[in-house]
Amino acid sequence: MKKIGVGLVGFGISGQVFHAPVMRGVAELELLKVTARKPEQQAILHAKYPQVEIVQTIDDILADDRIELVVIATSNDMHYPFVKQALEAGKHVVVEKPFTNTTVQADELIALAKSKGLQLAVYHNLRFNSDYRTVEKVVKSGELGPVVNLESRYDRFRNYLRPNAWRENNLPGSGIFYDLGAHQIDQTLQLFGKPTGVFADLAIQRTGAQAVDSFDLLLYYPNLRVSLKASMLAKEETTRYLIFGLNGTFTKNGSDPQETLLRAGHFPDEDPHWGEEDPSIYGKLNILKDGEDISKIIPSEKGSYLDFYRNVVDAIRGAAPLIVQPEQARDVIRIIELGYQSQQERRVIPVEDQLIAY
C-alpha cells in the first residue's frame with residue numbers, strides 16, 4: 001500500500017524529539033519535507049534523516065502534492081494559523097498540544113476539518129505513556145473501589161530561565177499550565193469525564209520569570225476530587241500519581257522512559273523493549289479486601305508513542321476513528337481557560353455546559 005507522505009513544520013525540540021523519530025518507526029509514513037532554518041537543526045536532519053528535503057516555509061510543504069499529512073510542531077502561537085493553512089490546503093493535520101490558545105480558535109479549526117473531510121489530531125502523547133496506561137488499568141480494574149481522590153504531579157527542576165525560550169515569555173499559551181497542565185487535564189478527562197467545577201492557583205515563582213511556572217488545579221466531581229500540580233522547582237523526586245479509593249491506595253513513582261530515550265537520540269523502531277519501565281518504579285497497590293490487607297506491585301503497562309501515529313494512519317485510511325479527537329483536545333483548552341478565570345476571580349468556576357466532548 002502507498003505510504004502517506006508527511007511534511008513536518010518545525011524542527012525544535014518537539015519536532016526533533018517527539019515527532020520525527022516516532023514517525024520513522026511507522027512503516028506507513030514517509031517523512032518528505034521538514035522546515036528547518038537553523039544550521040544546527042539542518043545538521044541533525046542531514047545526519048539522521050538524509051532522505052528528507054529541508055525547506056524554509058510551510059508553503060514549501062503545502063505546495064507538494066505528495067504530502068497528505070502535515071505535522072505542526074511549532075511554538076503555541078503558530079498552531080492556529082498553521083493548522084488552518086494546512087486544512088485549507090486539503091491536508092490532514094497532526095498538531096502538538098496544546099491544540100490552540102483559545103477554544104474559539106479550536107472550534108473554528110474543528111469545523112473547518114469537518115467541512116473538508118480531513119483528519120485533525122492533537123498530539124496528547126502522554127495518553128500513550130506507560131505510567132498513565134497503568135493508572136488507567138488500575139482505576140478500571142475496580143480493585144480500589146470507587147475512587148475518591150487522585151493526585152497527579154508533573155514536576156521538574158530548573159531554577160534558571162532559558163534564553164530566548166518562547167515558553168517562558170509572557171505570550172499567549174506560554175507557561176507550564178498550557179504545557180504540562182494540558183497533559184494532566186487530558187488524562188483526567190479520559191479517566192473521569194466532565195468535572196463539575198474548576199479551581200486554580202497559578203503562580204510565577206522563579207526570579208525574572210514571566211510565565212506561569214507552578215500550578216495547583218482542582219477538578220471537582222460529585223464524589224471525587226482530582227488535584228493536578230506541577231512545579232519547575234522540585235529538586236527532590238515527587239510521587240507521580242497517588243490514587244485513593246474506598247478500598248485502599250495506589251502509588252506510582254517514576255515516569256515513562258520514552259522521553260528520556262528520545263532526547264538521548266534513540267529510535268523506537270530499534271528497541272524491542274521500547275516503552276517498558278524498569279521494575280524498580282512499578283506502582284504499588286495497597287488495599288483491604290474481604291477483611292484482609294493486600295499489598296502488591298503492579299507491573300507497568302508498555303508505553304508507545306508509535307500507537308498514536310499508527311492510529312492517525314488508520315484514521316486517514318478510514319480504518320478507525322482518531323483516538324485523540326480534536327473535540328477532546330478543545331475541551332482541555334476550555335478547562336485551562338476556566339483555570340485562568342478561577343485564578344483571576346479567586347473562586348470555583350462551574351463547568352456546566354462548557355465542554356463538548358465529555
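One-based numbering along the sequence shown. Treat the numbers as computed from the prediction; the structure is a model and nothing was measured.
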K.L.:
Is a salt bridge present between Arg133 and Glu277, judged by a nitrogen-to-oxygen distance below 4.0 Å?
P.N.:
no
K.L.:
Run His19 and Phe11 through ring pair (Phe, Tyr, Trp, His ring centres under 6.0 Å) and show every step you take.
P.N.:
CA-CA 9 Å; His19 292 280; Phe11 202 64; over 10 Å; no
K.L.:
If you draw a 6.0 Å radius around CG in Asn223, do more than 12 non-hydrogen atoms from other residues or ligands fall strictly inside?
P.N.:
no
K.L.:
Tell me whether Arg346 at atom CZ has more than 12 heavy atoms from other residues, nucleotides or ligands lying less than 6.0 Å away.
P.N.:
yes
K.L.:
Give a yes or no on whether a salt bridge exists between Asp213 and Arg206, defined as a side-chain N under 4.0 angstrom from a carboxylate O.
P.N.:
yes
K.L.:
Is it true that Ser227 and Glu151 share a donor-acceptor pair across their side chains at a distance under 3.5 Å?
P.N.:
no
K.L.:
Check whether any side-chain heavy atom of Glu28 sits under 4.5 Å from a side-chain heavy atom of Lys3, and report yes or no.
P.N.:
no
K.L.:
What pair of heavy atoms forms the shortest contact from Leu62 to Ala86, and how long is it?
P.N.:
CD2-CA, 3.8 Å
K.L.:
Answer yes if the side chains of Thr134 and Glu301 hold a donor-acceptor pair under 3.5 Å, and no otherwise.
P.N.:
no
K.L.:
As a quick check of understanding, evaluate side chain to side chain contact (heavy atoms under 4.5 Å, CB included) for Glu30 and Ile4, giving each step before the final call.
P.N.:
CA-CA 6 Å; Glu30 183 178 7; Ile4 295 171; over 6 Å; no
K.L.:
Any chance you could measure Glu237, atom CD, to Arg153, atom CZ, to the nearest 0.5 Å?
P.N.:
12.0 Å
K.L.:
Which heavy atom in Leu150 sits nearest to a heavy atom in Leu224, and how many Å separate them?
P.N.:
N-CD1, 4.3 Å
K.L.:
Would you mind checking if Asp64 and Lys33 are paired as a salt bridge, meaning a charged N to carboxylate O distance below 4.0 Å?
P.N.:
yes
K.L.:
Distance-only, no hydrogens or angles: does the Asn149 side chain make a donor-acceptor pair with backbone N or O of Arg225 under 3.5 Å?
P.N.:
yes
K.L.:
Within the side chain of Lys91, is there an N or O that forms a donor-acceptor pair under 3.5 Å with the backbone of Gly7?
P.N.:
no
K.L.:
Side chains of His79 and Gln105: do they bring a donor and an acceptor to under 3.5 Å?
P.N.:
no
K.L.:
Using only heavy-atom distances, determine whether the side chains of Tyr80 and Gln85 contain a donor-acceptor pair under 3.5 Å.
P.N.:
no
K.L.:
So do the side chains of Val9 and Val71 get within less than 4.5 Å of each other, counting heavy atoms only?
P.N.:
no
K.L.:
Around atom CZ of Arg158, are there more than 12 heavy atoms from other residues, nucleotides or ligands closer than 6.0 Å?
P.N.:
yes
K.L.:
Considering only heavy atoms from C-beta outward, does the side chain of Ile44 approach that of Gln41 to under 4.5 Å?
P.N.:
no
K.L.:
Quick check with a 6.0 Å cut-off and a 45 degree axis cone: is Lys235 positioned over the face of Phe157's six-membered ring?
P.N.:
yes
K.L.:
Do Phe250 and Tyr282 land in one hydrophobic cluster if side-chain heavy atoms of ILVMFWY residues count as linked below 4.5 Å?
P.N.:
no
K.L.:
In terms of side-chain heavy atoms, does Ser231 have a donor or acceptor partner in Asp155 at a distance below 3.5 Å?
P.N.:
no
K.L.:
If you measure from CG on Asp331 to CD on Gln325, what distance do you get to the nearest 0.5 Å?
P.N.:
11.5 Å
K.L.:
I need the Lys194 NZ to Asp353 CG distance, nearest 0.5 Å.
P.N.:
7.0 Å
K.L.:
In this structure, would Tyr241 and Val148 fall into the same cluster of hydrophobic residues linked by side-chain contacts under 4.5 Å?
P.N.:
no
K.L.:
With a 4.5 Å cut-off on side-chain heavy-atom distances among I, L, V, M, F, W and Y, is there a chain of contacts connecting Tyr358 to Val332?
P.N.:
yes
K.L.:
Is the shortest distance from a Lys or Arg side-chain nitrogen in Arg330 or Glu108 to a carboxylate oxygen in the other one below 4.0 Å?
P.N.:
no
K.L.:
Salt-bridge test for Asp269 and Arg24: reply yes if a basic N is under 4.0 Å from a carboxylate O, no otherwise.
P.N.:
yes
K.L.:
Within the structure provided, determine whether Pro279 and Pro299 are in side-chain contact (heavy-atom separation under 4.5 Å).
P.N.:
no
K.L.:
Verify whether the ring centers belonging to His183 and Tyr132 lie closer than 6.0 Å.
P.N.:
no
K.L.:
Does the pair Glu327/Arg334 count as a salt bridge with the N-to-O cut at 4.0 Å?
P.N.:
no
K.L.:
Could you tell me whether a side-chain N or O of Lys97 sits under 3.5 Å from a main-chain N or O of Asp179, the two making a donor and an acceptor?
P.N.:
yes
K.L.:
For the backbone of Leu288 and the side chain of Asp293, can you confirm whether one donor and one acceptor N or O come within less than 3.5 Å of each other?
P.N.:
no
K.L.:
Let me check something: do Ile13 and Phe267 share a hydrophobic cluster, defined by ILVMFWY side-chain heavy atoms less than 4.5 Å apart, either directly or through other members?
P.N.:
yes
K.L.:
Starting from the C-alpha separation in whole Å, work towards a yes-or-no answer on side chain to side chain contact (heavy atoms under 4.5 Å, CB included) for Thr57 and Arg37.
P.N.:
CA-CA 9 Å; Thr57 71; Arg37 297 180 180 179; 4.3 Å; yes
K.L.:
Looking only at non-hydrogen atoms, find the nearest pair between Leu109 and Leu87 and report the distance.
P.N.:
O-CD1, 3.7 Å
K.L.:
Checking Thr249 side chain against Phe244 main chain: does a donor-acceptor pair fall under 3.5 Å?
P.N.:
no
K.L.:
State whether Phe308 and Arg310 meet the cation-pi test: NZ (Lys) or CZ (Arg) under 6.0 Å from the six-membered ring centroid, and within 45° of the perpendicular axis.
P.N.:
no
K.L.:
Go through it in stages, so that I can follow the logic: the residues are Thr238 and Tyr154, the test is side chain to side chain contact (heavy atoms under 4.5 Å, CB included), and I'd like the CA-CA distance, side-chain angles, deciding distance and then a yes or no.
P.N.:
CA-CA 8 Å; Thr238 55; Tyr154 203 150; over 6 Å; no
K.L.:
Grab the two heavy atoms, one from Ser14 and one from Ala73, that are nearest each other, plus how far apart they are.
P.N.:
OG-CB, 3.6 Å
K.L.:
Would a line drawn from the ring center of Phe215 to the ring center of Phe177 be shorter than 6.0 Å?
P.N.:
yes
K.L.:
For the residue pair Leu355 and Pro195, what are the closest heavy atoms and their distance?
P.N.:
CD1-CD, 4.3 Å
K.L.:
Is NZ or CZ of Arg347 both nearer than 6.0 Å to the six-membered ring centre of Phe199 and within 45° of the ring axis?
P.N.:
no
K.L.:
What is the distance from atom CG of Leu189 to atom CD1 of Ile335, rounded to the nearest 0.5 Å?
P.N.:
5.5 Å
K.L.:
Do Val198 and Val348 make a side-chain contact, defined as non-hydrogen atoms from C-beta onward lying under 4.5 Å apart?
P.N.:
no
K.L.:
Can you tell me how far the OG atom of Ser342 sits from the CD atom of Glu337, to the nearest 0.5 Å?
P.N.:
13.5 Å
K.L.:
To the nearest 0.5 angstrom, please state how far the CG atom of Asp60 sits from the CD1 atom of Ile54.
P.N.:
12.0 Å
K.L.:
Tell me, do Leu118 and Leu112 make a side-chain contact under 4.5 Å, heavy atoms counted?
P.N.:
no
K.L.:
Can Arg240 and Asp131 be said to form a salt bridge (Lys or Arg N to Asp or Glu O under 4.0 Å), step by step?
P.N.:
CA-CA 8 Å; Arg240 184 74 180 86; Asp131 47 14; 3.7 Å; yes
K.L.:
Say whether Ser152 and Gln187, considering side chains only, have a donor N or O and an acceptor N or O under 3.5 Å apart.
P.N.:
no
K.L.:
Under a single-linkage definition using a 4.5 Å side-chain heavy-atom cutoff for Ile, Leu, Val, Met, Phe, Trp and Tyr, are Leu242 and Leu228 assigned to the same hydrophobic cluster?
P.N.:
no
K.L.:
Answer yes if the side chains of Gln258 and Arg263 hold a donor-acceptor pair under 3.5 Å, and no otherwise.
P.N.:
no
K.L.:
Would you check, one step at a time, whether the test side chain to side chain contact (heavy atoms under 4.5 Å, CB included) holds for Thr103 with Ile333?
P.N.:
CA-CA 6 Å; Thr103 50; Ile333 303 305; 4.1 Å; yes
K.L.:
May I ask you to decide if Pro321's main-chain N or O and Asn311's side chain share a donor-acceptor pair within less than 3.5 Å?
P.N.:
yes
K.L.:
So which atom in Val94 and which in Tyr309 form the shortest heavy-atom distance, rounded to 0.1 Å?
P.N.:
CG1-OH, 3.7 Å
K.L.:
Look only at the side chain of Asn247 and the backbone of Glu143, and say whether a donor-acceptor pair between them is shorter than 3.5 Å.
P.N.:
yes
K.L.:
Is there side-chain contact between Pro326 and Phe99, with at least one heavy-atom pair below 4.5 Å?
P.N.:
yes
